[in-house]
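In what follows, a structure is listed as structure tokens, so that the remarks can point back to it.
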Amino acid sequence: MMAARGRARTTSVLTEGEPSRLGRAITLAAVLLALLILPTSVTGSGVALPHIGLDTRASLDALQWVVHAYNLTFASCLLAGGSLADLFGRRRVFVTGALLFTAASAVSAIADGILLLDLARGAAGIGAAALLTSGSSLIATTFTGGARVRAFAAVGIVTGAGLALGALAAGTLADVFGWRWFFGTHAILMLLVVAAIPFLRESRGESASKVDWAGTVTFVGSLFLLMLGMVEGPQWGWGSTGVVGLLAGAGLLLLIFVLVERKHPQPMLDLRLLRNSRLMALCLIPVVVTFAFVILLPLLPNYLLIVNNSTSRAAGTTMLLMTLPIIAMPPVASKLIKLGCSTRAVLGISLVCLTAGVAWLALVLQPGISVGTLAGPLITLGVGLGLNFGLVDGAVLTVVPPESTGTAAGFLNTLRLGSEAMVIAAASTALVGLLQNRLDDRLAYFPAFRGTAVSLANSMSAGDLAGPLTLLPQEQRSLFFTSVTSDFTMAWQTVLWTSGAICAVLSVAIWVMLTGSRRRVASPARTEAATPAPHGRRSRQ
């Protein structure tokens, strides 16, 4: 329970009245379309980077901020977005997010320089945070009983479709029309979400009265500085004054945040939430997903561009092996629960698939790898994520009071997006560092190469080996290609094995936390009957 310190919260929400059937349908369609667009921006941006780099001639650091800026602001603002949605209204925050994301995507499509593009992507991340947290709460407060279960199942399917289509859409649009069309399409589609605004119903937490500005600013600032330090560590040096200052500032702001939240009468985050083992276990599941699945979305296409000499479109199509199963599996998870399988068991199967999938990929990865060889591990990973998509979100919202669903969604997605931003940055750093160490020795055998190990590692990590190959005589290029792609694969295998080990440890911890709970983690369908409906009426199953 998330009761305010020193003042109990009621278990009802303020709404504008019962929604009509048309209103419910349009609300669901608007939220689902938004949740379809948001993940494509995560998965597609990495595929578009080589095209953006060729067009803007940006440095690797500036180019990577096309991805990092979106992830960083997205993750930093999630918890604040959920809290503000509870206070000011889920509809109002959703509308603000939709307008900001639309404008930022349009600016991204016409940006004439990398700096403006990076800034626009950061603004899009803020809009995405508002959309995601308020969108989940809109569904939770608009639907009840079996309809809510079906709505969250649809969330899983649509978000999976976004992940599935992101890399393919970005690769196709970038290859055929240019990378600007990828962001322009986001703006055009989001206009349809904006058109649904008049049909959305407002709701907010009944007991909320004012913003916890001190908590909001210190939390967002702490997370922002932490992730900024993680991203810039490889570029500035981990022992540099700038990075040490960023990490120290993050720690100081986090300490201030804890002190503020302990004394605030209506905190943005009730710290007693962290003692809820069921909730914490559920919130750790997306962290496993990050280490097993999400790090592959922006990075694996670049590996395929290098070692298989693939086009962006071909690499994006290969990623469908991993992402398409996400669309099919949420209904399977729902069916298993209806047949009597516990939510805990379904989540356990999901964790096993994720851990096994990343380990399997580490075993088979090699230069020139065929689509058939990739199919097994990638499909396993997709099945693993698909089984918990939507299910985790729905279950989390059943363990907090209705008026705090925005905050709960924000906390879950802060861990989800925060882990994604930091782990992707860490994995990218590890790949570059491991590859650079190997290339330091490798380049001694190619004295004719006119580049450095650092520049070569950065180029390969960004998906470009064609440029470095031109720095060698024609007769040496084939052997050079074979040698450096072998080094690249070994770096990848090290990262994958490390990720697999982390997934195994976290999965065991999650299982123990769920087992040790006072009661079994319930599915949204099973807990809905026990959740008070608005204005004190119990909803019917």
Side-chain angles (χ1 to χ4, degrees), residues 39 136 149 152-164 277-297 321-362 375-399 412-413 415-417 419-420 423 496 499-517 520-527:
S136 297
V149 176
F152 274 108
V155 167
I157 295 172
V158 168
T159 309
L163 289 173
S277 62
R278 288 183 297 147
L279 181 60
M280 293 306 298
L282 291 168
C283 288
L284 283 176
I285 291 175
V287 180
V288 176
V289 171
T290 295
F291 277 100
F293 187 99
V294 177
I295 61 170
L296 300 179
L297 295 176
L321 290 169
M322 185 171 75
T323 53
L324 279 179
I326 306 172
I327 303 175
M329 296 314 296
V332 174
S334 179
K335 184 67 173 179
L336 290 173
I337 291 174
K338 289 181 180 179
L339 292 175
C341 188
S342 69
T343 301
R344 175 171 165 265
V346 174
L347 294 176
I349 296 171
S350 168
L351 294 171
V352 169
C353 289
L354 289 167
T355 304
V358 71
W360 189 353
L361 183 60
L378 295 188
I379 291 174
T380 301
L381 287 167
V383 169
L385 178 53
L387 284 173
N388 72 61
F389 241 51
L391 184 62
V392 171
D393 299 74
V396 163
L397 294 178
T398 65
V399 298
L412 168 68
N413 287 299
L415 287 182
R416 175 180 284 149
L417 271 296
S419 66
E420 289 179 7
V423 173
L496 291 174
S499 295
I502 294 172
C503 289
V505 172
L506 287 176
S507 297
V508 171
I510 291 168
W511 185 259
V512 171
M513 291 168 70
L514 294 178
T515 304
S517 300
R520 183 176 58 183
V521 174
S523 69
R526 290 172 177 167
T527 57

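We're numbering straight along the sequence, starting at 1.
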Taking distance alone, no hydrogens or angles, what donor-acceptor pairs closer than 3.5 Å link side-chain atoms of residues 328-336 to residues at least two apart or in another chain?
none

Taking distance alone, no hydrogens or angles, what donor-acceptor pairs closer than 3.5 Å link side-chain atoms of residues 345-352 to residues at least two apart or in another chain?
from: S350; atom 1: OG; to: G384; atom 2: O; distance (Å): 2.5
from: S350; atom 1: OG; to: N388; atom 2: ND2; distance (Å): 2.8

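With contacts defined as side-chain heavy-atom distances shorter than 4.5 Å, the pair L361/L296 qualifies. Annotation: side chain of C503 is not in contact with side chain of L354 (no heavy-atom distance under 4.5 Å). By the 4.5 Å heavy-atom criterion applied to side chains, L297 and T323 are counted as neighbours. Using a 4.5 Å heavy-atom cutoff, the side chains of L391 and I337 are in contact. The closest side-chain heavy-atom distance from V294 to V423 is not below 4.5 Å.
Going from atom CD1 of I285 over to atom CG of L387 covers 11.0 Å, rounded to the nearest 0.5 Å. Between the CG atom in L284 and the CD1 atom in I510 there is a gap of 5.0 Å [rounded to 0.5 Å].
Listed here is the closest heavy atom pair of S499 and F291: CB-O, 3.4 Å. Closest approach of G500 and T355 over heavy atoms only: O-CG2, 3.8 Å.
For A362, the side chain to side chain contact (heavy atoms under 4.5 Å, CB included) partners are L496, W497, not counting sequence neighbours. Applying the side-chain hydrogen bond (donor to acceptor under 3.5 Å, both in side chains) rule to T290 yields the partners S419; only residues at least two apart in sequence or on another chain are considered. Every side chain to side chain contact (heavy atoms under 4.5 Å, CB included) that A375 has, sequence neighbours left out, goes to L321, I379.
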